[in-house]
Each structure stands twice: as C-alpha cells, then as structure tokens.
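In what follows, every heavy atom counts, from backbone to side chain, and hydrogens, waters and symmetry copies are set aside.
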Amino acid sequence: MKKVIVVGAGLVGCFCARALSKYDIDITVLESNGDVCTGISKAGSGIVYVGYDSMPGTLKSRLCIDSCKDFAELCEILDVRYKKCGSLMVSYGKRADERLSKKLDHGRIGGIAGLRMIDREEATAMEPYLNPNISTALFSEETGTVNPWELCIAAYECAANNGVEFKFNESVCGIVREDEGFKVETNKDSYSADIVVNCAGIDSDKVRELCEKPQIRIVPTAADYLITDNSLSGYVNHIIFHEPEEKSKGLTIVPTVDGNLLIGATERQASAISTATAESGIGILKNLCSEIMPELPLNKIIRSYGCMRPNPYYVDEEGRLLEEKKSISELMLLEDNGLFSFIGVKTPGMTMAPELGRYLTEKVLGVLGDIRERSDFKPYRQGITRFKDLSDEERTSFVMKHPDYGKIICRCEQVSEGEIREAIRRGARTVEAVKRRTSAGMGRCQGSYCRQQIIKMLEEADERI
C-alpha cells in the first residue's frame, strides 16, 4: 500500500488527510504540538468568505468560491455549527467606495450570488448601531461563519475514523530522499513515505528546506483580536467589514456561532513567534470600534488574544528576499518530485481548506498512479452533544439517558460534565483541548469557576490510561 505523510494538523492538514482517506492509502499525520488546530488555524476570524476579495481567475479565487458554495452542506455532514449571517462591507468615503465597486466587479466575474451595493438607509436599517455617516456598503448574502476549532476537530475526527493515524508531539527534523520516496525523521521516530504533504503552517518553509533549496520564505506578522461576552448576541446581525478610506487593515466584527462578538484584526510586525497581544493593537481596535460602531459597549470585552499570520516572499537560493520585497498574494503550492508544500496559506485559508484538501489529493493521485477509491469511506462525523443547544424537553430526555449531562461544570457557557468527559474520551488531554471541543472556560469568568474541575477530570482520565 502506498504511504503518504502529512506534516501539520491544522485546518489544511486535517482536510488534506480527510480527502486522502477516501482512497486506499496509508496516511500518517505528524503534528509538532499535542493537539490539532494549535497553530495559525486556531486564531482566525472564522469567516466563510465568498471570494470577491481575490483576483478573478486565480486558483485562490476559484477554490474560495467553490468551497463557499458547499460549506453549509459540509458543516451538516461534519456536524459543525454554521451561520450564514451575510456580511456588510461599509465605506465612509470616495476612495473606499471605489474599492467596494471593484470588489463587486470581481464577484460578478466570479459568478458569486447574492452581492449588491446598498445605500446608507438600507445599511443602517440592517445594522442600527453602525455609524450613520456611511457612504455606501457592499452586501453579501452568502457570507457565513463557523468556529475554526470546531471545524478543524471535525475534519480530524472524520479522518481518524477513516483510518488516518495522527502522531502528536512529533516535530519533523529531517526529510531525506531515497530511491523510492522519502525517509522522514521526527524527534521521536522515523517514517517512510511515497509522498510528503507539507501543511506545516508558519513553519512550512522550514519543513520544505529540510530537503530542498529555498524558494519562498515566510515572514510572519502578528494580529490582535478582542472578544465580547455573549450578552451582546444579536447586537450585530451581519459580519461587518470596514473598508477604510486610507489603505490600512480596517475593522471586522463577527457575530460568532457561540454568541460572542469577535473584533479584529490589527496587523503588525512580529519580532518572534508569539501569541501575545500588543497594547497598541488593542488601542487601535477600540478606537476603530468607536468610529464604526460608536455605541458598542466595550465593557463587555472579556478577553483579547494575539495570533501569527504567514506572509510568503520569494527568496534566492541563499534565502535572501528578492529586491521587490512584496508579499505573495496568490496561493502557493510547490511541487518537488513527491514533496508538496503549501507555503503561506493566508486568508481565506479556512474557507479554502476543504477544497485545498481535494485539490492536493488530485495532485497526489497523479503521482501515485492508479489508486483504488475506498467503498467504506465514512464522510459523516457526529459532534459532541451540546447541552446549551438542547431544548428543555430534549434536556430532560437526554439527561435521563446520560446523567452526567445534568451537572453543569462551566456556568458561563452552560457546559455539562458529560460534554467534558466525552471530549476527554475523544482525546482531549489538556484544559485548552477541552476548551476547544466544548467551549468550557470561554465565558465571562474565563474558566475561574470550572478550570479546577476540568483539571481533576483530566487527572482521573490519566490515571485510567
């Protein structure tokens, strides 16, 4: 049986593994951290983009548009919460108006449905708390949002259910070409493979250069986000994009599937790989909120977080940036005789992830030759039942069958003991891993009430293993 190694268990890596698992291939995923979705993937905005931001005719544009069309169906198959809330991109001046008009043209060329320009009156009727001095707004009916953690974990569980082996806490430190295929060395073991798929996120350039000369390198930038508590659920109905008059990052406000508002994102130089926030970045976001949505109660902010974003640049064989020093905007997949590397996958990376998995699988099959498609592939995945989402009648019935769902551990997010134990049964080994699977600790108190109880359950699970 042919062997494929996937490096990295973020969104792209997990969806690549899932797509490959439809075929009669031995697949192993190597992840340097202790869980899936712990790198770039965990800190995105969760927006399912329709594709008008990308240049028409490019691979990025095509994959984004195709993926968005199928996203609701995919989320149903993987039992992932999805909210097609639509989006408003608002402008407050002539230059920004022109950029919105260009985006509308891009969308029409790409055949994107549900796009239209609206005036100030309609925009403020849709979003009453917006600054009313709007010049114009681009409305997108099909834009949606998901929880990136939930989506990535679903792809991971589906791939694992179809026989993909995931190896955590294994950092790739060597890739050697052999007569037929590769030998991949990690900090713990060595593996042979016919194909290596490099989805290592912020480190994808380093992984490729373990056996190839430099061609593209990542210069990471940092971003800051703010999160409100879910008492503001319904305060904003659509995803709000602010197109600034002067060229800059602008502001995005996302009504998440959990009921919070996600506010972001800044863009700043990163001196090191870090998820720390910058005081200056938080100030910028709060100032923009005051401009775009003046009545937004900033006292409802419960936390901030930072993340790293990859910016790929062409370099020479010595690794020096080429003179133009301009970040590559196109999607980059480098093919090096059986080594496939996605380097610097940027926004809309989460939206494209399912299509990237299918696209990469076609490339791999082209190299491996005639590979049988499995008749026993299981596309569906059942998520953890969420006590918070059950009706009163459903709760009564469910608790009778599952008594540990009757004890609430996280009061802020209404997460039950049963959900936490199920997350642990599925492989969560840390408080953060439980949080990613259940939302426990994501509420206003940020885990001050439930954290110790979760730690105790994790320790009990460790004792049984």
Side-chain angles (χ1 to χ4, degrees), residues 2-17 19-20 25-33 39-40 59-60 63 167 170-220 273 308-346 349 352-353 356-357 359-369:
K2 297 293 186 180
K3 295 183 179 181
V4 174
I5 285 178
V6 178
V7 182
L11 278 159
V12 177
C14 286
F15 272 105
C16 282
L20 287 164
I25 304 170
D26 184 338
I27 306 155
T28 301
V29 179
L30 303 175
E31 169 55 49
S32 60
N33 292 312
I40 298 169
L59 178 62
K60 180 188 286 190
L63 293 182
K167 300 283 189 177
E170 292 212 32
S171 301
V172 174
C173 50
I175 301 177
V176 179
R177 290 189 181 276
E178 299 187 318
D179 291 340
E180 294 185 3
F182 300 86
K183 181 179 181 181
V184 179
E185 300 279 356
T186 74
N187 58 318
K188 292 183 177 180
D189 211 337
S190 63
Y191 304 86
S192 61
D194 297 282
I195 298 287
V196 175
V197 178
N198 171 17
C199 303
I202 210 82
D203 293 321
S204 55
D205 54 347
K206 300 180 183 68
V207 169
R208 179 182 176 273
E209 288 173 28
L210 290 172
C211 69
E212 297 294 332
K213 291 181 179 179
Q215 184 175 342
I216 295 173
R217 283 212 175 148
I218 291 172
V219 179
I273 303 298
M308 305 301 297
R309 290 185 165 178
N311 275 304
Y313 291 80
Y314 286 113
V315 296
D316 61 23
E317 290 188 356
E318 302 300 321
R320 295 181 295 249
L321 293 181
L322 298 182
E323 286 188 9
E324 56 264 29
K325 294 183 180 178
K326 186 176 180 181
S327 177
I328 303 168
S329 60
E330 179 54 292
L331 178 66
M332 298 307 299
L333 172 61
L334 301 185
E335 304 177 40
D336 300 295
N337 298 317
L339 171 62
F340 294 88
S341 298
F342 282 118
I343 298 185
V345 178
K346 301 191 287 187
M352 293 188 297
L356 287 173
Y359 178 76
L360 190 281
T361 295
E362 292 175 2
K363 296 285 187 180
V364 170
L365 295 176
V367 174
L368 294 180

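- No side-chain heavy atom of K363 sits less than 4.5 Å from a side-chain heavy atom of V197.
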(request) Quick one: do F342 and C16 satisfy side-chain contact (heavy atoms from CB on, under 4.5 Å)? Show the steps, please. (result) CA-CA 11 Å; F342 282 118; C16 282; 4.2 Å; yes
(request) Begin from the C-alpha positions of E178 and K183 and carry the test salt bridge (Lys or Arg N to Asp or Glu O under 4.0 Å) through to its verdict. (result) CA-CA 7 Å; E178 299 187 318; K183 181 179 181 181; 5.3 Å; no
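- The closest donor-acceptor contact from the side chain of D205 to the backbone of I218 lies under 3.5 Å.
- Scanning all heavy atoms of the two residues, the minimum distance from I27 to A17 falls at CD1-O, 4.2 Å.
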(request) Walk me through it: do I25 and L365 pass the test side-chain contact (heavy atoms from CB on, under 4.5 Å)? (result) CA-CA 10 Å; I25 304 170; L365 295 176; 4.3 Å; yes
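- Across all their heavy atoms, S32 and S171 have their closest contact at CB-OG, 3.3 Å.
- Not a single salt bridge (charged side-chain N to carboxylate O under 4.0 Å, His left out) links R309 to another residue, sequence neighbours left out.
- In this structure, the side chains of L331 and L356 come closer than 4.5 Å at one or more pairs of heavy atoms.
- To the nearest 0.5 Å, the span separating CG on L59 from CD on E330 amounts to 5.5 Å.
- Under a 3.5 Å cut-off, the side chain of K60 and the backbone N or O of S329 do form a donor-acceptor pair.
- Scanning for salt bridge (charged side-chain N to carboxylate O under 4.0 Å, His left out) contacts around D26 gives an empty result, with sequence neighbours left out.
- Considering every non-hydrogen atom in both G8 and V29, the closest pair reads O-CG1, 3.8 Å.
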(request) Kindly determine whether R177 and F182 satisfy side-chain contact (heavy atoms from CB on, under 4.5 Å), including the steps that lead there. (result) CA-CA 5 Å; R177 290 189 181 276; F182 300 86; 3.2 Å; yes
Throw together a table of side-chain donor-acceptor distances under 3.5 angstrom for residues 188-195, partners on residues two or more places apart or in other chains.
| unit_1 | atom_1 | unit_2 | atom_2 | d |
| --- | --- | --- | --- | --- |
| Y191 | OH | E170 | OE1 | 3.0 |
| Y191 | OH | E170 | OE2 | 2.9 |
| D194 | OD2 | K3 | N | 2.8 |

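- In this structure, D336 and R208 have side chains that are in contact, with non-hydrogen atoms separated by less than 4.5 Å.
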